[in-house]
Visitor: 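Once you've had a glance at the structure underneath, I'll fire off some questions.
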Amino acid sequence: MKSNSVCFPILATLALSVALTRANVNNNNNTPRGVSPSNAKLYVPDSGGTWSCLDGSKIIPFSAVNDDYCDCVDGSDEPGTSACGTGQFYCANIGHTPSSIKTSRVNDGVCDEECCDGSDEYDGQTHCPNVCEEVGAKAREENDRIQSIQNEGARLRRGFIKYGKANKVSLANELETLKGQVDKVQEALTDARAKLDAANEAQDAYLEGSKSEREAARKQQLEPIIQEQTKRLKYATEVRDMLRLTLQNLKEKHNKNYHDLAVKGTVSGFDEYIVAQGEKTEPAQEDSDISSDRQFDTLVDETSVVLRDIGTLHDLLDGMKRDYNTEYNDEAVLAAVRVTEDFEVTWDSSRLDFVDVEHLVLPEELPVNNPEAEKFRDEVDLAQEAFNDASDKESKVQEGIREIERKLNMDFGPDETFAQLVDNCFDFKDTEYTYSICLFGDANQSSHSSTHLGKFSGWEGDNYDVQMYTGGAKCWNGPERSVKLVMSCGTKTEIVSVTEPEKCEYLFKLQTPAVCPIPEGEAEGEGGAEDQEQEQSAEGVQQEGEENTRKHDEL
Ligand code: MAN
């Protein structure tokens with residue numbers, strides 16, 4: 001906007017020169033308006049009253065600075081007007097914090113928030129009250145609030161660090177102790193295993209020695225059920241033979257002049273059955289001195305073969321009974337039907353057995369009851385107990401080593417701050433889901449069912465304030481679910497928000513003392529007397545009974 005035209009009327013020129021004078025300098029010194037105190041030294045005329053643009057592009061009279069005409073390419077000659085629009089206008093904001101705005105915003109009719117002193121609108125067109133005292137007071141209050149959170153956070157974090165460092169040392173010691181125990185517990189286990197094997201062998205040898213005695217006892221024990229099973233086999237065989245005879249009679253005596261398809265079908269089915277019977281190999285005859293157990297099993301097998309036979313014969317008779325032609329009044333057929341009807345009330349065709357007959361089951365062998373046998377049994381029991389004990393001890397040592405190594409291999413930050421938080425779990429409820437995360441563990445989302453959102457996979461960046469949890473349940477038509485956990489300073493460790501900025505990519509925001517800045521120069525982890533409190537409970541992590549926070553083991 002070229003304003004120093006020679007064609008302007010006198011009045012306009014006068015008004016302009018007043019405005020320019022006002023625009024030119026700050027109120028209290030000779031620094032041109034809009035120039036910050038730190039840049040003041042750059043706005044001094046040389047001895048000839050000229051001035052060089054800050055980018056060196058031009059030399060102009062110093063009086064052309066802030067003359068509302070843009071001379072310099074970098075706009076540096078108009079820090080207090082909008083003529084160039086590209087420079088920075090400095091607002092002193094006394095009572096608050098100094099600030100700068102783009103010169104294009106000078107005298108644009110808008111009271112810029114950044115210039116709470118109203119100095120950006122000085123042309124009299126717009127009145128901007130100076131609200132710096134008020135705004136400054138609020139800002140100071142907010143600063144104090146943040147500062148006190150940071151102070152308290154830093155205090156708590158020093159506790160975390162102290163715990164983390166001490167924990168690392170004690171874990172390393174514990175690991176050494178456990179590793180020192182490995183040989184011992186393994187030897188004890190080998191020894192216990194050998195003793196158990198020896199006790200079992202001794203018992204087996206004794207039992208082998210008393211085999212005939214045991215067999216006699218077993219025989220006596222099984223006698224009743226062997227008798228019962230023999231009775232059942234006998235009965236089943238009689239029934240089968242009776243059904244066979246019925247069908248044989250039917251075959252021979254039915255009137256062949258009647259072409260009753262139901263009867264013919266049954267008779268030919270019976271013929272096929274007889275042929276198949278002939279092809280069946282008879283089971284090999286067992287030795288007479290087989291054990292009672294085996295004898296019982298053989299009886300059960302034989303009985304079930306006979307019962308299957310009965311099932312086949314019954315199916316043949318039942319088929320005929322349903323479909324035979326009653327008008328023929330064939331006595332042979334009627335006799336077979338009567339037999340079938342009488343038999344059917346005793347037969348359960350779904351189980352292929354007689355109605356209400358429960359299968360017999362072999363009872364457990366009775367322990368041999370004599371002092372010697374008891375002695376062997378007790379020795380086996382004791383050896384077994386000692387073995388279980390040794391095995392538990394060995395597993396505990398190995399498990400302890402694995403768990404400590406897992407923790408020692410974790411990256412808890414250069415000062416071990418995060419050791420305090422490992423396996424601590426936090427919940428966050430929104431209107432639809434409950435989100436949970438166990439730090440350095442897993443993240444989940446649940447409503448009526450639970451969806452895995454990812455497993456801790458590492459830190460992002462170098463600041464130790466962003467963690468990634470990846471490899472969660474696959475998103476329908478999308479990636480595997482994952483969580484970015486972003487931390488900020490707070491006096492309590494808690495999730496403050498969960499969002500899903502991209503489908504199946506979740507953003508958890510966590511506040512925690514673990515990322516509160518520790519004032520420079522202070523040795524981290526050396527919080528002096530205050531640290532004493534930290535050793536008792538982990539302040540800023542988990543308060544008992546506190547909602548939304550729990551230790552991993554409680555899950
Ligand atoms: C579930 C939730 C959502 C996710 C959809 C994706 O409803 O896990 O967070 O966006 O699946 O289909």
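Read the numbers this way: they start at 1 and go in the same order the structure lists the ligands and their atoms. Hydrogens, waters and symmetry mates are skipped; everything else that's a heavy atom, side chains included, is used.
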Visitor: For residues Phe508 and Phe428, establish whether the separation of their ring centroids is below 6.0 Å.
Guide: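 Ring-ring flag for Phe508/Phe428: false, centres at least 6.0 Å apart.
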Visitor: Mind checking what residues have non-hydrogen atoms under 4.0 angstrom from ligand 1?
Guide: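 Residue list for ligand 1: Tyr433, Gln445, Cys475, Arg481, Glu500, Lys503, Cys504, Tyr506.
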Visitor: For Glu403, is there an ion pair with Arg406 - N to carboxylate O distance below 4.0 angstrom?
Guide: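 Salt bridge between Arg406 and Glu403, a charged N being under 4.0 Å from a carboxylate O: yes.
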Visitor: Given Cys128 and Cys115, is the disulfide bond (SG atoms under 2.5 Å apart) satisfied, shown in steps?
Guide: CA-CA 9 Å; Cys128 295; Cys115 291; over 6 Å; no
Visitor: For residues Phe440 and Phe456, establish whether the separation of their ring centroids is below 6.0 Å.
Guide: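 Aromatic pair counts; centres sit under 6.0 Å.
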Visitor: Under the side chain to side chain contact (heavy atoms under 4.5 Å, CB included) criterion, do Gln398 and Val182 qualify, and how do the steps go?
Guide: CA-CA 8 Å; Gln398 301 289 14; Val182 170; 4.2 Å; yes
Visitor: Can Glu416 and Lys168 be counted as an ion pair, charged N to O under 4.0 angstrom?
Guide: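 Between Lys168 and Glu416 there is a salt bridge, with a charged N closer than 4.0 Å to a carboxylate O.
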